[in-house]
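Encoded as structure tokens, the structure appears first; notes follow it.
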Amino acid sequence: DKPRWLALKRQLLLDHPALSHDVSLTRQRGIREALVQGGMEPGLAEQQARAVFTGFMAERSKIEVSEATHALLARLAARYPLAVITNGNLDLEQAGLAGYFTLVCKAGAGARMKPAPDMFVQVQEALGLAPGRILHVGDHPVTDVLGARLHGFRAAWLNESGQPWQSLSLLPDVELGQLQDLATLLL
């Protein structure tokens with residue numbers, strides 16, 4: 001049940017604070033711990049947790065991306081180097097999106113979650129650009145808009161749900177009502 005799962009996750013993060021920056025590893029360790037608490041031998045629980053997580057990732061990455069989004073990303077990628085900075089764990093290859101991006105930075109494996117500077121610095125160094133020459137597009141007021149602005153990036157707030165601007169700590173350079181607005185802005 002959900003309350004039990006949340007309690008297990010909360011305890012796992014209290015016991016291992018570094019996991020808070022890696023959603024994939026946290027999920028996999030949570031599955032393992034649930035299996036052990038349910039009576040499974042730890043070695044087998046580890047093996048089964050990996051298998052369950054692999055299945056989860058396959059399902060998680062089955063998303064439908066519109067033709068308009070594919071067309072937009074292709075046009076943008078032909079003109080600009082595109083990079084991903086994500087706290088999540090979507091498999092871009094399985095989702096059919098990997099080909100558009102020159103760099104993918106995911107939280108975990110030593111990189112802290114946004115709004116921490118780690119992945120912003122990785123992108124800046126990999127692209128060899130000053131932070132003010134990089135536009136970060138994201139929908140979250142804190143991890144995306146605040147994160148980008150704190151680290152000198154330009155910020156485009158993808159506000160498809162029409163959140164009030166008062167929810168922002170720092171204002172973005174531009175607000176987008178939909179992803180397709182990037183075409184008008186950049187192409």
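Small disclaimer: the values here were computed from a predicted structure and weren't measured.
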Point to revise | Donor-acceptor contact present, side-chain Thr26 to main-chain Asp22, <3.5 Å | key: yes
Check your understanding: Can you tell me how far the CG atom of Asp144 sits from the OG1 atom of Thr86, to the nearest 0.5 Å?
Key -> 8.5 Å
Exercise for review: Determine, stepwise, if the pair Val52 / Thr54 fulfils side chain to side chain contact (heavy atoms under 4.5 Å, CB included).
Suggested key: CA-CA 5 Å; Val52 168; Thr54 298; over 6 Å; no
Review point. Backbone N or O of Ala155 within a donor-acceptor pair of the Asp173 side chain at under 3.5 Å?
Key: yes
**Study point:** Trp5, CH2 atom: more than 12 neighbouring heavy atoms under 6.0 Å
**Key:** yes
Review point. Cluster question for you: counting only ILVMFWY and a side-chain heavy-atom cut-off of under 4.5 Å, with indirect links fine, are Leu182 and Val65 together?
Key: yes
Point to revise | Short side-chain to backbone donor-acceptor contact, His21 and Met113, under 3.5 Å | key: yes
Exercise for review: Find the distance between CG (Leu14) and CG (Leu12) and round it off to the nearest 0.5 Å.
Suggested key: 9.0 Å
Practice item. Check whether any side-chain N or O of Glu41 sits under 3.5 Å from a backbone N or O of Leu44 as a donor-acceptor pair, and report yes or no. Key: yes
Point to revise | Electrostatic pair Glu33:Arg29 at N-O distance under 4.0 angstrom | key: no
Review point. Ser24 and Asn89: side-chain donor and acceptor closer than 3.5 Å?
Key: yes
Revision key, fill the gap. CG (Leu171) and CD (Gln166) are apart, to the nearest 0.5 Å, by 9.5 Å
Exercise for review: Check Phe153 against Phe120 and note the closest heavy-atom contact, atom names and distance.
Suggested key: CZ-O, 3.2 Å
Point to revise | Same apolar cluster (I L V M F W Y, side chains within < 4.5 Å links), Leu135/Leu72 | key: yes
Revision key, fill the gap. Interatomic distance, CZ@Phe56 vs OG@Ser61, rounded to 0.5 Å, equals 8.5 Å
Exercise for review: Give the cluster check for Phe101 versus Ile63: same hydrophobic cluster or not, with ILVMFWY residues linked at side-chain heavy-atom distances below 4.5 Å.
Suggested key: yes
Review point. Between Arg60 and Asp91, is the closest basic N to carboxylate O distance under 4.0 Å?
Key: no
Point to revise | Pairwise distance CG(Leu19) to NZ(Lys9) - rounded to 0.5 angstrom | key: 10.5 Å
Review point. After noting the C-alpha distance and the side-chain angles of Gln28 and Arg50, does the key distance pass the side chain to side chain contact (heavy atoms under 4.5 Å, CB included) rule?
Key: CA-CA 7 Å; Gln28 192 169 331; Arg50 276 196 301 272; 2.8 Å; yes
Exercise for review: Take atom CD of Glu93 as the centre, draw a 6.0 Å sphere, and report whether it contains more than 12 heavy atoms from other residues, nucleotides or ligands.
Suggested key: no
Check your understanding: Quick one: which of Leu176, Leu168, Val174, Leu170 gives a side-chain contact (heavy atoms from CB on, under 4.5 Å) with Pro172?
Key -> Leu168
Review point. Hey, are the side chains of Leu90 and Leu92 touching, using non-hydrogen atoms and a 4.5 Å cut-off?
Key: yes
Practice item. Flag the pair Lys114 / His136 as yes when at least one side-chain heavy-atom distance between them is below 4.5 Å, and no otherwise. Key: yes
Exercise for review: Give the cluster check for Trp165 versus Val137: same hydrophobic cluster or not, with ILVMFWY residues linked at side-chain heavy-atom distances below 4.5 Å.
Suggested key: no
Point to revise | Heavy-atom pair of closest approach, residues Gly132 and Arg154 | key: O-CG, 3.3 Å
Check your understanding: Would one find more than 12 heavy atoms of other residues, nucleotides or ligands at under 6.0 Å from atom CD of Gln178?
Key -> yes
Exercise for review: Kindly determine whether Asp15 and Gln11 satisfy side-chain hydrogen bond (donor to acceptor under 3.5 Å, both in side chains), including the steps that lead there.
Suggested key: CA-CA 6 Å; Asp15 293 344; Gln11 189 59 50; 2.8 Å; yes
Point to revise | Val145 and Asp139: CA distance, side-chain angles, deciding distance, side chain to side chain contact (heavy atoms under 4.5 Å, CB included) verdict | key: CA-CA 8 Å; Val145 176; Asp139 63 353; over 6 Å; no
Exercise for review: Check whether any side-chain N or O of Lys62 sits under 3.5 Å from a backbone N or O of Met57 as a donor-acceptor pair, and report yes or no.
Suggested key: no
Exercise for review: Please report the closest heavy-atom contact between Ala126 and Leu103, naming both atoms and the distance.
Suggested key: CB-CD2, 3.5 Å
Review point. Which pair of heavy atoms, one from Thr102 and one from Pro81, lies closest together, and at what distance?
Key: OG1-CB, 4.0 Å
Exercise for review: Classify the ring geometry between His70 and Tyr100 as parallel (under 30°), tilted (30 to 60°) or perpendicular (over 60°).
Suggested key: tilted
Check your understanding: So if you build clusters from Ile, Leu, Val, Met, Phe, Trp, Tyr with side-chain heavy-atom gaps below 4.5 Å, do Leu76 and Leu179 land together?
Key -> yes
Review point. Could you give the distance from CG (Leu187) to CZ (Arg79), rounded to the nearest 0.5 Å?
Key: 6.0 Å
Check your understanding: Within 45 degrees of the axis of the six-membered ring of Phe53 and under 6.0 Å from its centre: does Arg27 put its NZ or CZ there?
Key -> no
Exercise for review: Please tell me if the side chains of His151 and Pro131 come closer than 4.5 Å, counting only heavy atoms from C-beta onward.
Suggested key: no
Check your understanding: Which pair of heavy atoms, one from Ile85 and one from Met119, lies closest together, and at what distance?
Key -> CG2-CB, 3.5 Å
Practice item. Dump the intermediate steps for side chain to side chain contact (heavy atoms under 4.5 Å, CB included) on Val84 and Leu97, then the final yes or no. Key: CA-CA 11 Å; Val84 173; Leu97 297 170; over 6 Å; no
Point to revise | Leu73 to Leu82 - nearest heavy-atom pair and separation | key: O-CD1, 3.8 Å
